[in-house]
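Worth saying up front: this structure is predicted, and the values here are computed from it rather than measured.
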Amino acid sequence: MSAEPDGPEDRLRRFATIWSRAVFPVTSTSSTRAEFEEQLLPLARRLSEALLARAFDADAGRAVGAALVDAHCTDPEALSRTLDCVDAYLVLYCGGDGDQEGLRARSARLQHAMAAGFAQALRERTLAEQEAIAQAALQAQGVVAQALHATEARFRAVFEGAAIGIGMADLDGNILQVNGALLRMFGVSEQTMRGRNVMEWTHPDDAPQTWRLYDELVRGEREHYHLEKAFYRPDGTVLWTNLTVSLLRDADGSPQYQLALMEDTTERRLLNLRLRYEATHDALTGLPNRTFFFERLEKALGAGKGQRFGLCYLDLDGFKTINDSLGHAAGDRLLVEVADRLQSCATAPGEMVARLGGDEFVALTTGPDTQREVDELATRIMNALLAPISVDGRELTVRGSIGIVEGPAGERSPAEVLRSADITMYRAKSAGGNRFELADPEADARAITRHGLTTALPTALERGEFFIEYQPLVHLGDGSVRGAEALVRWLHPQHGVLGPDRFIPLAEHTGLIVPLGRWVLEQSVRQAREWRELHGAVEAVGPLRINVNLSPCQLTHPGLVQDTVDILERAGVEPDALCLEVTESALIGADDDLLKPLRRLAEMGVDIALDDFGTGYSNLANLRRLPVSVLKLDRSFTQSMQQFPADPVDLKIVEGIVSLAHSLDLAVTVEGVETGAQAEQLRILGCDTAQGWYYARPGPPERLHHLALADATG
């Protein structure tokens with residue numbers, strides 16, 4: 001057994017070897033196969049480079065196709081074998097470890113470019129041959145008087161032996177003479193052909209200028225013209241040709257005949273159409289792919305005044321679960337069925353359905369009244385997904401989320417439209433899925449801002465854009481400052497100061513919350529040490545404690561306990577200077593593994609506070625097993641106490657919670673205290689500490705120092 005090629009150059013040469021073996025038998029060349037392989041090697045290298053390039057370069061494919069013609073690979077079979085070889089082996093030997101699906105899509109585009117380059121080069125070569133034939137014909141007419149017999153013999157040899165079709169007609173269009181190649185192209189006898197008139201050969205696909213050029217030629221206003229033209233054969237099939245028509249003049253220079261030279265391009269055209277189809281359609285579902293869709297969308301957005309467009313962006317809900325549980329083969333069959341159903345929804349003129357990739361589909365409608373049509377299209381799509389889909393004997397229920405963008409043509413680019421549809425689709429998915437939403441510019445702007453913040457988060461921490469403000473914790477009994485809660489802020493270069501509600505959810509989603517939380521803990525503990533050093537000489541102040549919030553992501557991070565211990569030891573701060581706040585919702589139903597790090601920290605002397613207590617519907621009896629020492633009562637329970645008299649129901653609830661907490665040896669802290677009446681009522685109810693704007697808004701650490709000092713000396 002032979003070893004596999006080791007490096008890229010070995011694999012490249014192996015590809016060139018396979019290519020030369022496939023093409024050499026149908027190549028008209030005097031080279032040996034080994035010499036021919038050396039000719040193909042640089043072409044293979046150029047294909048490999050184009051396959052792996054950052055940006056797709058169609059010129060590389062066209063250059064390789066043209067080089068095949070230069071290498072005498074002019075037989076149509078040579079192109080067909082080349083494309084089959086590139087399709088089967090280029091990605092295998094030259095693709096490396098890249099995205100195989102993406103590489104195969106690029107390989108298909110390269111094949112299309114190669115076929116185009118091959119066709120162009122072959123056409124130029126044919127045109128040169130046609131020009132030589134035309135010159136021979138003209139020379140034959142010009143030297144009749146000197147050597148009529150010899151010239152006629154020479155012209156006859158060229159006329160009959162040419163591989164391309166040649167025909168002569170008078171200026172009225174009556175066909176006078178045709179060669180054998182032309183008869184074979186049309187599949188008729190010479191007698192039948194001579195009974196035809198050129199004007200009968202109209203075709204629906206004729207270019208607009210076809211017959212205008214013809215009229216100019218027979219009037220003697222032009223010497224020749226060249227274009228692509230289709231003809232009907234007697235059996236109804238279509239013959240596509242590269243057609244060159246030249247004017248033949250007599251000795252006096254007057255127009256006398258017209259000479260037509262035809263190259264049969266039908267097979268090449270069909271090949272180009274096949275390659276075009278493969279490059280613009282999804283291999284799995286047969287729907288138009290992303291490339292084709294963007295072409296149609298760009299055309300729709302560039303339509304004239306008064307035209308509108310409507311776009312439905314569909315993402316299947318829960319498709320990943322189906323793929324993971326039943327396998328990719330079942331997922332593919334599901335996608336094929338979904339594609340068929342979607343295709344049946346787009347039946348009106350101006351409507352199309354495409355697959356962008358994965359389980360994402362788009363439906364496009366165009367016209368003057370898309371405001372109504374796009375809603376109807378989205379409704380048809382949702383209804384089409386209602387019936388279960390049978391896959392491997394299982395009835396699968398499929399639902400989808402749709403984002404709709406509708407508007408006038410000419411105002412937005414395809415990328416902007418698709419981005420808006422994508423954002424709107426995710427808004428529908430976030431709302432529970434199985435629904436469609438209409439695009440909203442304000443919602444788009446918020447989503448774009450969120451994306452920008454998410455992107456900027458990692459470098460913001462490195463650039464030192466975060467800072468901490470501190471809100472005092474005040475003892476309700478004597479009004480003294482007992483500590484502060486650390487609240488992180490982001491000084492964004494464009495958006496200014498952002499509160500934690502703007503970026504903490506993004507940090508949790510991206511995983512940055514762990515390093516950000518560690519930074520907040522380090523800064524806060526260092527600040528606690530400075531406060532204790534400053535206040536150590538003031539006996540009445542007592543040690544100030546710092547409260548730091550923990551997100552659920554930090555709670556499950558394996559390094560939480562060790563990070564906390566290291567930070568406290570480096571700062572030289574005792575554990576009792578730190579209180580970690582955990583939201584009640586994060587601990588609902590928490591098992592022992594989740595509680596273990598909190599228990600270890602509590603055993604060390606770190607206080608654990610249960611934040612937002614009362615919002616998580618937790619069992620009050622569950623408090624006994626949680627390693628907490630402080631309850632932070634949510635502000636929703638105490639808002640009514642800002643006015644007098646307070647809601648008696650709220651008073652009873654708070655009184656009950658305080659009584660329960662104290663019976664469990666838990667201190668009670670109240671958030672959101674904004675009035676003196678509220679503070680007094682909470683003191684009477686037995687709450688221990690409070691924080692809120694009544695005492696101070698969050699601010700720099702120096703202000704807390706002054707507040708604490710004022711309490712101690714006042």
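Distance check: K632 NZ to N547 CG gives 5.5 Å after rounding to the nearest 0.5 Å. We find the CE-CG distance between M425 and L311 to be 11.0 Å, quoted to the nearest 0.5 Å. Atom CD of E406 and atom CG of L377 lie 12.0 Å apart (nearest 0.5 Å). Taking CG from D566 and CZ from R570, the interatomic distance works out to 5.5 Å, rounded to the nearest 0.5 Å. The OG atom of S524 sits 5.0 Å away from the CD1 atom of I546 when rounded to the nearest 0.5 Å. Note that CD of E508 is 9.5 Å distant from CG of L506, once rounded to the nearest 0.5 Å.
Of the possible donor and acceptor atoms, none in the side chain of R482 sits under 3.5 Å from a partner among the backbone N and O of L544. No side-chain donor-acceptor contact under 3.5 Å links S420 to the backbone of E416. Judged by distance alone, with hydrogens and angles left aside, the side-chain atoms of R355 form a donor-acceptor pair with the main-chain N or O of G358 at under 3.5 Å. One N or O on the side chain of R341 and one on the backbone of A384 form a donor-acceptor pair closer than 3.5 Å. The backbone N or O of A484 lies less than 3.5 Å from no partner atom in the side chain of Q691, so there is not a single donor-acceptor pair. Side-chain N or O atoms of N383 include one that pairs as donor or acceptor with a backbone N or O of T379 at under 3.5 Å. Using modelled atom types, no side-chain atom of S659 and backbone atom of E655 make a donor-acceptor pair closer than 3.5 Å. Remark: the backbone N or O of L660 is paired with a side-chain donor or acceptor of S663 at under 3.5 angstrom. The main-chain N or O of L385 is found under 3.5 Å from a side-chain atom of R399 such that the two form a donor-acceptor pair.
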### Query
Could you walk me through whether L550 and T583 pass the side chain to side chain contact (heavy atoms under 4.5 Å, CB included) check?
CA-CA 8 Å; L550 277 186; T583 60; over 6 Å; no
### Query
How far apart are the C-alpha atoms of M641 and V654, what are their side-chain angles, what is the distance that settles it, and do they pass the side chain to side chain contact (heavy atoms under 4.5 Å, CB included) test?
CA-CA 11 Å; M641 299 179 193; V654 174; 3.6 Å; yes
### Residue pair R599, E603: steps toward the salt bridge (Lys or Arg N to Asp or Glu O under 4.0 Å) verdict
CA-CA 6 Å; R599 288 198 177 101; E603 290 167 359; over 6 Å; no
### Task
Carefully, step by step, assess W490 and R502 under the rule side chain to side chain contact (heavy atoms under 4.5 Å, CB included).
CA-CA 9 Å; W490 183 1; R502 294 286 302 277; over 6 Å; no
### Message
Determine whether L396 and L326 satisfy the following criterion, side chain to side chain contact (heavy atoms under 4.5 Å, CB included), listing intermediate values before the conclusion.
### Response
CA-CA 11 Å; L396 302 179; L326 301 183; 3.9 Å; yes
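Between D607 and R545 there is a salt bridge, since a side-chain N of the basic residue sits under 4.0 Å from a carboxylate O of the acidic one. The pair R532-E530 does not count as a salt bridge, with every side-chain nitrogen at least 4.0 angstrom from each carboxylate oxygen.
No more than 12 heavy atoms of other residues, nucleotides or ligands shown are found within 6.0 angstrom of CD on E574. No more than 12 heavy atoms of other residues, nucleotides or ligands lie within 6.0 Å of OH in Y694, so this atom counts as exposed by the packing criterion. Counted within 6.0 Å of CD on E298, heavy atoms from surrounding residues, nucleotides or ligands total 12 or fewer; the atom is thus considered open. Remark: R463 CZ is packed, more than 12 non-hydrogen atoms of other residues, nucleotides or ligands lying under 6.0 Å away. The environment of NE2 in H509 is sparse: at most 12 heavy-atom neighbours from other residues, nucleotides or ligands sit within 6.0 Å. Atom CZ of R529 sits in a crowded spot, with more than 12 heavy atoms from other residues, nucleotides or ligands closer than 6.0 Å.
In this structure, F466 and F503 have tilted ring planes: the angle between them lies in the 30° to 60° band. Using cut-offs of 30° and 60° for the angle between ring planes, the W531 and Y470 rings count as perpendicular.
Residues satisfying the side chain to side chain donor-acceptor pair (under 3.5 Å) test with S401, not counting sequence neighbours, are D317. With sequence neighbours left out, the salt bridge (Lys or Arg N to Asp or Glu O under 4.0 Å) criterion links R290 to no other residue.
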Can you give the donor-acceptor pairs under 3.5 Å from side chains of residues 668-680 to other protein atoms, not counting sequence neighbours?
residue : atom : partner : partner atom : Å
T669    : OG1  : T689    : OG1          : 2.6
T675    : OG1  : Q678    : N            : 3.1
Q678    : OE1  : E674    : N            : 2.8
Q678    : NE2  : T638    : O            : 3.0
Q678    : NE2  : T638    : OG1          : 3.4
E680    : OE1  : R683    : NE           : 3.2
E680    : OE2  : R683    : NE           : 3.4
E680    : OE2  : R683    : NH2          : 2.5

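Side-chain contact check for V405 versus R412: some heavy-atom pair is nearer than 4.5 Å.
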